[in-house]
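All remarks here apply to the structure that follows.
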Amino acid sequence: MTDDVLAQLRELQQADLPTHGGRLLAYVYDSGLAEADEIGRQALALYGATNGLDPTAFPSLRTLENDLVAWAARLLQGSEAVGTVTSGGTESILLAVQTARDASAAVSQPTMVLPSTAHAAFHKAAHYFGVRAVVVDVDPTIYRADPEAMAAACDESTVLVVASAPSYAHGVVDPIPEVAELASARGIRCHVDACIGGWILPYLRADGIEVAPFDFAVPGVTSISVDLHKYAYTPKGASILLHRTPGLRRPQYFAHADWPGYTMLNSTMQSTKSGAPLAAAWAVVQHIGDDGYQRLARTTYDATLRLADAAGAIDGLTVVAPPATTLIAVRTDERADVFTIADEFVSQGWFAQPQLSFRGQPASLHLSLSPATAPRLDELIEALQQAVTAAQAAGPVQVAPELAEAVRTVDPELLDDATFDGLLQLAGLDLSGVIPDGLGAVNALLDLAPPRLREALLIAFLDRLMRPT
Ligand SMILES: *Cc1c(COP(=O)(O)O)cnc(C)c1O
């Protein structure tokens with residue numbers, strides 16, 4: 001019976017993209033170290049039944065968390081820093097925003113100033129916690145935050161200023177000293193989103209590569225998020241939020257004694273939480289170690305630079321910004337569209353993430369490299385070249401005029417089930433067979449819609465996907 005259900009799981013998993021092998025250039029981060037994976041899996045199994053709700057009941061979890069936070073604080077030069085292990089980058093960011101809001105309880109309508117390249121998780125925090133996001137355009141040529149414009153956007157209601165190290169979409173590190181300085185001059189907290197770069201940049205620096213200042217060595221940086229389940233290559237469900245001092249962290253904690261049950265005391269958004277991702281993260285970090293991370297960071301960074309050179313040399317492709325870490329984004333000229341390139345790439349067994357056009361910037365394709373990608377870099381470059389050639393031969397996706405018209409005119413507020421079905425029918429789409437190599441037409445269509453309508457369409461789409469059959 002046991003074998004039977006596990007066999008069923010394996011069977012179901014056949015439909016998924018491959019998590020290992022370095023061909024998935026988003027979502028997963030593969031160290032390429034089979035032993036590290038095995039240790040992570042065993043730690044998950046050992047700790048799957050523990051509960052992180054109460055670190056006095058499971059004192060080992062407290063040790064593991066303090067060890068990981070100490071590791072991150074050392075990497076990010078926070079000599080007095082404290083922190084919390086969370087379930088992911090989004091939870092770390094939600095908590096950073098909530099903490100900043102509650103530290104300024106006197107501000108009745110709090111706001112936060114974000115560069116337009118900040119991760120969508122800040123907008124989720126705005127939505128959940130009632131902190132209005134004031135979005136400031138980045139420099140349109142280099143995609144870096146514009147500190148002067150951000151300073152001008154601050155006022156008495158600003159409780160947080162944000163910068164990225166680097167941004168997810170383009171892999172660009174913001175001018176963090178200038179952003180932190182403008183924040184501290186006004187007594188405002190400054191969060192550095194190093195979710196994707198925080199475990200790479202310190203190791204690149206240790207290896208002698210010049211890295212722009214981004215961590216607690218920069219005066220005025222008050223908190224940093226860094227994900228373990230990205231470039232620390234740990235199983236999913238682990239990130240760290242650091243605060244420069246214990247005092248800055250205090251409003252993050254929640255206690256409630258005014259109910260008949262146990263005294264509720266939480267450091268994160270979750271209450272009962274599995275100790276498994278924490279234990280697995282601890283085990284993988286100990287196993288790979290500083291030397292291992294430094295070597296993996298160098299290998300992946302070198303591969304990214306080589307990919308950037310090769311991609312820039314492909315006729316029709318442009319690299320959006322020089323890579324600061326292990327991420328690159330590319331765009332194409334009018335002979336093709338990135339959505340078709342993405343589909344062609346998938347059909348060759350690779351996966352890169354399409355990014356829709358935004359604030360006058362054209363659509364692009366995002367690639368996050370993993371150590372496991374490095375040995376097959378030539379294969380990757382060849383696949384990209386072929387995908388571009390095929391996409392140019394096919395030409396850009398032509399959205400039928402009546403469909404384009406519908407997408408430009410539908411009111412997102414009025415997108416009910418019937419309207420959504422009408423659009424699906426018009427587009428000839430059948431959601432039962434949604435596969436990643438057939439999304440070009442869907443993306444091209446979404447690309448025509450304004451952001452509010454894209455959101456409404458995606459929500460309607462998810463609502464349809466997630467119904468029990
Ligand atoms: C991945 C990422 C996040 C969000 O993290 P999740 O783990 O997906 O919740 C936030 N910011 C940046 C820069 C990221 O790369």
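Keep in mind that the numbers below use all heavy atoms, side chains included, and drop hydrogens, waters and symmetry copies. Residue numbers start at 1 and run along the sequence shown. Counting starts at 1 for both ligands and their atoms, in listed order.
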* Indicate yes or no: at least one non-hydrogen side-chain atom of L94 is less than 4.5 angstrom from one of T90. => yes
* **Side chain, backbone, both or neither: the part of A121 lying under 4.0 Å from ligand 1 by heavy atom** => neither
* Structure fact -> atom 5 (O) of ligand 1 has as its nearest protein heavy atom G89 CA, 3.2 Å
* **Minimum-distance protein heavy atom relative to atom 9 (O) of ligand 1** => T90 OG1, 2.6 Å
* Please name the residue in the list N266, N51, D54, L265 that meets the side chain to side chain contact (heavy atoms under 4.5 Å, CB included) test with S271. => N266
* Is it true that R62 and E65 make a salt bridge, defined as a side-chain N closer than 4.0 Å to a carboxylate O? -> no
* To do: For residues D174 and P115, determine if any side-chain heavy atom of one lies less than 4.5 Å from a side-chain heavy atom of the other.
  => yes
* Check: F351 ring centre within less than 6.0 Å of Y27 ring centre -> yes
* D227 side chain to G89 main-chain N or O, any donor-acceptor pair under 3.5 Å? -> yes
* Hey, is ligand 1 close enough to D193 that some N/O pair sits below 3.5 Å? -> yes
* Taking only heavy atoms of D227 into account, list the atoms of ligand 1 that are under 4.0 Å away from them. => 1 (C), 5 (O), 7 (O)
* **Option whose closest heavy atom lies nearest to atom 14 (C) of ligand 1, chosen from K124, K236, K230** => K230
* Asked: Under 4.0 Å from ligand 1, counting heavy atoms only, is it the side chain of H229, its backbone, both or neither?
  -> side chain
* Numbering the atoms of ligand 1 from 1, which are under 4.0 Å from a heavy atom of I93? -> 10 (C), 11 (N)
